[in-house]
Protein chains: 2
Amino acid sequence: MSALPLDPSEHRSGALLDHLARRMRLRAESVLAPLGLRPRHLVALTVLRAGGGTSQQALASTLEMDSTNIVGLLNDLEAKDLVERRRSPQDRRRHVVELTEDGAKRLKEAECALAGAEDEVFGALEPAERETLYELLRRAATTTPISCGEALIEEPDAC
Amino acid sequence: MSALPLDPSEHRSGALLDHLARRMRLRAESVLAPLGLRPRHLVALTVLRAGGGTSQQALASTLEMDSTNIVGLLNDLEAKDLVERRRSPQDRRRHVVELTEDGAKRLKEAECALAGAEDEVFGALEPAERETLYELLRRAATTTPISCGEALIEEPDAC
DNA sequence: ATAAATAGTTGGCGCTACACAGACGATCCT
DNA sequence: AGGATCGTCTGTGTAGCGCCAACTATTTAT
């Protein structure tokens, strides 16, 4: 298992990711509608659960969204008491955004409700494989991109 | 490997998938722009490469897009000679859509160009893990959802 | 042979997501 | 005091995309 002729040169996951995300999102939309949530809310809640209390601009950076649009997103979530905005004691300009208990519960409910949708999309994978997939995605998601200096150093562009 | 205490009950990949797909798409857009492509074109080309010659409505079903929008998508690709529409000899109403040589080449170029973007998004994963991820995504993507009767039979909704 | 169904195309309408820009209050840092 | 920063609000523009309707070419069913 050492000198595999592995040539991952063209094994780009981007398009597949896009494709599957779309499939999931389509299903998620209808499943989540009765819960008053949208896919994008789920993403925010998930990030919030993983990251704990973060400022809004940190959230904007993680979500890679414009901060002005984060406002509306959080307004939605706060109106439903799924999220709480508290002023930071250190810097009172900042809002520390945090998941409420209700938010965590609702997130869990939503995830539960999504089981069927995932069964459809990931039907080809066995439970253990899905778990592997989840783990890989989770790890990739919980690291801020570009943060390491890698991208700055090398840019070979030679495939 | 039987009675693992694995509890994947709340390990839903949907949100992570969405999140990472967004990150990739944002980067892909700028990387692909010089090639005259957009993320959605990449998805279509990828599906086409995997699936061989398919009718447009089959493509619409795979991509889970409205068939009227498939037309424009294919117009783009055909205008660039990346894709070919031929009438099916069996059923002359149908268009058999197929990747051209140029299309396959361009797709490969695009994938090559996306290497940097993936390095940013999947920086947390080692090459072998990325390969695993790719393989899981590929398998999940190359099976039509709902096609099996699974989803029709069971709908427990009890988590 | 005639009717009905199907594949693709075109055009238009409308909604949603989002980026972007401008202006504002509150607050921090010099 | 003055400038930078965080969050908020509002408005504008654009892109993706679903959906409806009409039309042609073709197949299939009666």
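Quick note on labels: first sequence line is chain A, next is B, and so on, each numbered from 1.
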Original post:
Could you state the CG-P distance from B:D18 to C:dT16, rounded to the nearest angstrom?
Top reply: 18 Å
**OP:** State which residue, out of B:R106, B:K105, B:R49, fulfils the salt bridge (charged side-chain N to carboxylate O under 4.0 Å, His left out) condition with B:E111.
**Re:** B:R49
Set out, line by line, the N/O atom pairs under 3.5 Å between protein and nucleotides 28-30 of chain C.
unit_1 : atom_1 : unit_2 : atom_2 : d
C:dC28 : OP1    : A:R92  : N      : 2.9

**OP:** Please report, rounded to the nearest Å, how far the P atom of D:dC19 is from the CD1 atom of B:I70.
**Re:** 13 Å
All N/O donor-acceptor pairs, side-chain side in residues 39-46 of chain B, below 3.5 Å, sequence neighbours left out:
unit_1 : atom_1 : unit_2 : atom_2 : d
B:H41  : ND1    : B:R38  : N      : 3.1
B:H41  : NE2    : B:D76  : OD2    : 3.1
B:T46  : OG1    : B:L42  : O      : 2.6

**OP:** Mark yes or no for a side-chain to base donor-acceptor pair under 3.5 Å between A:T68 and D:dC9, with no hydrogen or angle criteria applied.
**Re:** no
Original post:
A:E29 has an atom CD; how far is it from atom P of C:dT16, in whole Å?
Top reply: 10 Å
Subject >> Whole-Å distance separating the CG atom of A:D66 from the P atom of D:dG11 >> reply: 17 Å
Subject >> Nucleotide C:dT10, atom P - distance to CG of B:L74 in whole Å >> reply: 11 Å
**OP:** Would you indicate, yes or no, if C:dA7 has its OP1 or OP2 atom less than 4.0 angstrom from a side-chain nitrogen or oxygen of B:R85?
**Re:** no
Original post:
OP1 or OP2 of C:dA7 sitting under 4.0 Å from any side-chain N/O of B:Q57?
Top reply: yes
Original post:
A:D76 CG to C:dC18 P: how many Å, rounded?
Top reply: 12 Å
Original post:
Do you know the tightest heavy-atom contact between B:K80 and B:G36?
Top reply: CE-O, 3.1 Å
Original post:
Would you say C:dT10 has OP1 or OP2 under 4.0 Å from some side-chain N or O of B:N75?
Top reply: yes
Original post:
Quick one: on DNA chain C, does A:R38 or B:V97 contact a more 5' nucleotide (nearest heavy atom)?
Top reply: B:V97
Subject >> Nucleotide D:dG16, atom C1' - distance to CZ of A:R25 in whole Å >> reply: 10 Å
Subject >> Polar side-chain contact B:N69-D:dG16 base: donor and acceptor under 3.5 Å >> reply: no
Subject >> Electrostatic pair A:D119:A:R130 at N-O distance under 4.0 angstrom >> reply: yes
Original post:
Taking all atoms of both residues into account, what is the closest heavy-atom pair of B:R138 and B:T142, and its distance?
Top reply: O-OG1, 2.7 Å
Original post:
For A:R22 and A:R94, take the nucleotide of DNA chain D holding the closest heavy atom to each; which residue's nucleotide lies nearer the 5' end?
Top reply: A:R94
Subject >> Which atom of A:A110 lies closest to which atom of A:L32, heavy atoms considered >> reply: CB-CD1, 4.1 Å
Original post:
Can you name the residues that form a side-chain hydrogen bond (donor to acceptor under 3.5 Å, both in side chains) with B:N75, not counting sequence neighbours?
Top reply: B:R85
Original post:
Separation of B:R40 atom CZ from D:dA15 atom P, in whole Å?
Top reply: 10 Å
